[in-house]
Amino acid sequence: MDPDMDARAAKTAAAVVSNSAGTARPALRPPAHACDCHMHIYDPRFPAERPASRLQTQATVTDYRQLQHRLGTSRVVIVQPAAYVTDNRVTLDAIAQFGDSARGVAVVHPDVDDAALATLAAGGIRGIRFSVFDPRTAATAVEMIEPLAHRVAPLGWHVQLHMRGDQIAAHAALLRRLPCPIVFDHMGRLPQPEGTRHEAFAVIRDLIQTGRAWVKLSGAYLDSRVGPPGYDDAAEVARTFIALAPDRVVWGSDWPHPTEAHKPDDAVLFDLLSVWAPDAGAVRRILVENPQALYGFPALAAA
């Protein structure tokens, strides 16, 4: 048998990743220490409190390492999945498996005590998430954001918000009062076709310009009306945020894509970053330097 054919077959087989379409590696070659700042781990060793809440299979640390290998990333931020509500053991366990190359974002309720917060901090948690875009299924509520923000601000944590654009606009005054940094999920969930013309964009823009907010470049498929491969309407939003504040954006895969019945191609999603960002320096900032600043990864030695 042709040895080159064997090698190509082995390379293709190694690139197969659960919860991800396609097998090819991305064209973008990420810099060392590149970070995926938004993904989830689902591990059957930990019972889900809400199994009906988009519980995913084949989404363990071992499964995700295959995606890291395919994309070429090495650092990761694990976001607590809705299915586990406030039982953050699955996220803490995943952080421990990855070691110092991982950080996490937890979900807590206002009755969390200081000892529990200290345990989360020691386990690598650097923020808390409020996924309230669908109040019918949310594990948290908007009313929890401000009191919990005051609890975690002394820890140096941020609050991560998964809110629809209309919710961001409606709660602008609340967001401006928060005492800690804000991280907006999935490019602020600005609805299309309005995109950056939606009133929520101005709220996020103002918070970024005052140094109080960050944006995750993730979930291009969530609000796009154009769809793959380019998600051109979402691309306009991403490019606008990068141009506005290249030091305030991070990238995330959103693997294992719990909202999607048909899983996207993660290589295609990763390659979008090289289309959105103006040059290799911006890509490095988004993948390495910004995550280091936001999540407290170890500083890199000077070249």
Side-chain angles (χ1 to χ4, degrees), residues 25-39 67-79 98 100-105 124 126-127 129 156-161 180-190 195-196 201 203-220 230-232 234-255 266-303:
R25 298 187 188 280
L28 174 62
R29 295 293 179 260
H33 309 290
C35 186
D36 178 354
C37 292
H38 191 100
M39 50 75 69
L67 182 65
Q68 284 188 312
H69 178 70
R70 183 182 177 196
L71 299 184
T73 57
S74 58
R75 288 175 168 175
V76 62
V77 177
I78 305 161
V79 179
F98 284 112
D100 205 31
S101 65
R103 297 290 185 268
V105 177
R126 296 296 179 264
R129 190 191 196 203
W157 291 5
H158 61 268
V159 294
Q160 179 175 319
L161 304 178
C180 59
I182 301 167
V183 177
F184 288 98
D185 268 5
H186 307 314
M187 297 186 277
R189 295 300 308 267
L190 301 178
T196 56
F201 173 76
V203 177
I204 300 171
R205 180 199 62 205
D206 293 348
L207 288 166
I208 289 174
Q209 291 179 331
T210 56
R212 301 190 53 239
W214 301 70
V215 172
K216 286 192 177 183
L217 305 176
S218 58
Y231 302 96
D232 293 346
E236 178 188 358
V237 174
R239 283 194 291 264
T240 300
F241 278 126
I242 293 171
L244 174 67
D247 58 343
R248 287 278 165 168
V249 291
V250 295
W251 175 85
S253 68
D254 196 29
W255 186 89
D266 284 282
V268 170
L269 294 176
F270 192 55
D271 279 338
L272 291 177
L273 182 57
S274 60
V275 177
W276 299 342
D279 51 47
V283 170
R284 175 180 172 79
R285 188 178 296 181
I286 292 165
L287 291 176
V288 181
E289 296 165 9
N290 295 351
Q292 180 177 306
L294 179 57
Y295 298 102
F297 286 107
L300 304 177

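Heavy atoms only: backbone and side chains are in, while hydrogens, waters and symmetry mates are out.
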**Student:** Restricting to non-hydrogen atoms, name the atom on C180 and the atom on V159 that form the minimum distance, rounded to 0.1 Å.
**Tutor:**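 Smallest heavy-atom distance, with atoms named: SG-CG1, 3.8 Å.
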**Student:** Can you tell me how far CD1 of I204 sits from CG of L161, rounded to the nearest 0.5 angstrom?
**Tutor:**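 One gets 9.5 Å once the value is rounded to the nearest 0.5 Å.
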**Student:** Please report the shortest heavy-atom distance between I208 and A245, naming the atom on each side.
**Tutor:**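 Nearest heavy atoms, I208 then A245: CG2-CB, 3.4 Å.
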**Student:** Between V79 and D185, does a side chain to side chain contact (heavy atoms under 4.5 Å, CB included) hold up when you go through it step by step?
**Tutor:** CA-CA 11 Å; V79 179; D185 268 5; 5.8 Å; no
**Student:** What is the minimum heavy-atom distance between A234 and A220, and which atoms define it?
**Tutor:**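 Closest heavy-atom pair between A234 and A220: CB-O, 3.6 Å.
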**Student:** Checking R25 side chain against H69 main chain: does a donor-acceptor pair fall under 3.5 Å?
**Tutor:**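 Looks like yes, one N/O pair under 3.5 Å.
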**Student:** Please give me the minimum heavy-atom distance between S218 and H186, naming the atom from each residue.
**Tutor:**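 Result for this residue pair: OG-ND1, 2.8 Å.
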**Student:** Just verifying a value: how many Å separate D266 CG and W255 CH2, rounded to the nearest 0.5 Å?
**Tutor:**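 Going from CG on D266 over to CH2 on W255, the span is 9.0 Å.
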**Student:** Can you check side chain to side chain contact (heavy atoms under 4.5 Å, CB included) on D100 and R103, steps first, answer last?
**Tutor:** CA-CA 8 Å; D100 205 31; R103 297 290 185 268; 3.2 Å; yes
**Student:** Dump the intermediate steps for side chain to side chain contact (heavy atoms under 4.5 Å, CB included) on F270 and L287, then the final yes or no.
**Tutor:** CA-CA 11 Å; F270 192 55; L287 291 176; 4.1 Å; yes
**Student:** As a test of understanding, state which of Y295, F184, W214 forms a ring-ring contact (aromatic ring centres under 6.0 Å, His included) with H158.
**Tutor:**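 Of Y295, F184, W214, ring-ring contact (aromatic ring centres under 6.0 Å, His included) with H158 is met by Y295 alone.
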**Student:** Distance check, rounded to the nearest 0.5 Å: L28 atom CG versus L273 atom CG?
**Tutor:**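 CG of L273 is found 6.0 Å from CG of L28.
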**Student:** Is there a donor-acceptor contact under 3.5 Å from the side chain of D36 to the main chain of V76?
**Tutor:**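 Pair absent, no side-chain N/O of D36 close to backbone of V76.
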**Student:** So is R126 actually on top of W157's ring, under 6.0 Å and inside 45° of the axis?
**Tutor:**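 Output no; distance or angle outside limits.
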**Student:** Could you pull out the closest heavy-atom pair between A102 and I78, with the gap in Å?
**Tutor:**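 Closest pair (atom of A102, atom of I78, distance): CB-CD1, 4.4 Å.
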**Student:** To the nearest 0.5 Å, how far apart are OG in S101 and CD in Q68?
**Tutor:**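 Here the interatomic distance stands at 6.5 Å.
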**Student:** Sequence neighbours left out, what passes side-chain hydrogen bond (donor to acceptor under 3.5 Å, both in side chains) with R75? Give chain and number order.
**Tutor:**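 Counting only residues at least two positions away or on another chain, R75 forms no side-chain hydrogen bond (donor to acceptor under 3.5 Å, both in side chains).
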**Student:** I need the L294 CG to K216 NZ distance, nearest 0.5 Å.
**Tutor:**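 NZ of K216 is found 8.0 Å from CG of L294.
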**Student:** Under the 3.5 angstrom rule, does the side chain of R212 hit a backbone N or O of Q209 as a donor-acceptor pair?
**Tutor:**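 Not confirmed, R212 side chain does not pair with Q209 backbone.
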**Student:** Sequence neighbours left out, what pairs pass side chain to side chain donor-acceptor pair (under 3.5 Å) with at least one residue falling in residues 276-293?
**Tutor:**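 Listed once each, the pairs are R284-E289.
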**Student:** Assess the residue pair F297 and V77 against the criterion (side chain to side chain contact (heavy atoms under 4.5 Å, CB included)); give the C-alpha distance rounded to whole Å, side-chain angles, the decisive distance to 0.1 Å, and a yes or no.
**Tutor:** CA-CA 10 Å; F297 286 107; V77 177; 4.2 Å; yes
**Student:** P30 and A34: which non-hydrogen atoms are nearest, and at how many Å?
**Tutor:**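 Of all heavy-atom pairs spanning P30 and A34, the closest is CB-CB, 3.7 Å.
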**Student:** Verify the ring-centre separation between F201 and F241: is it less than 6.0 angstrom?
**Tutor:**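 Yes, the ring of F241 comes within the 6.0 Å limit of the ring of F201, centre to centre.
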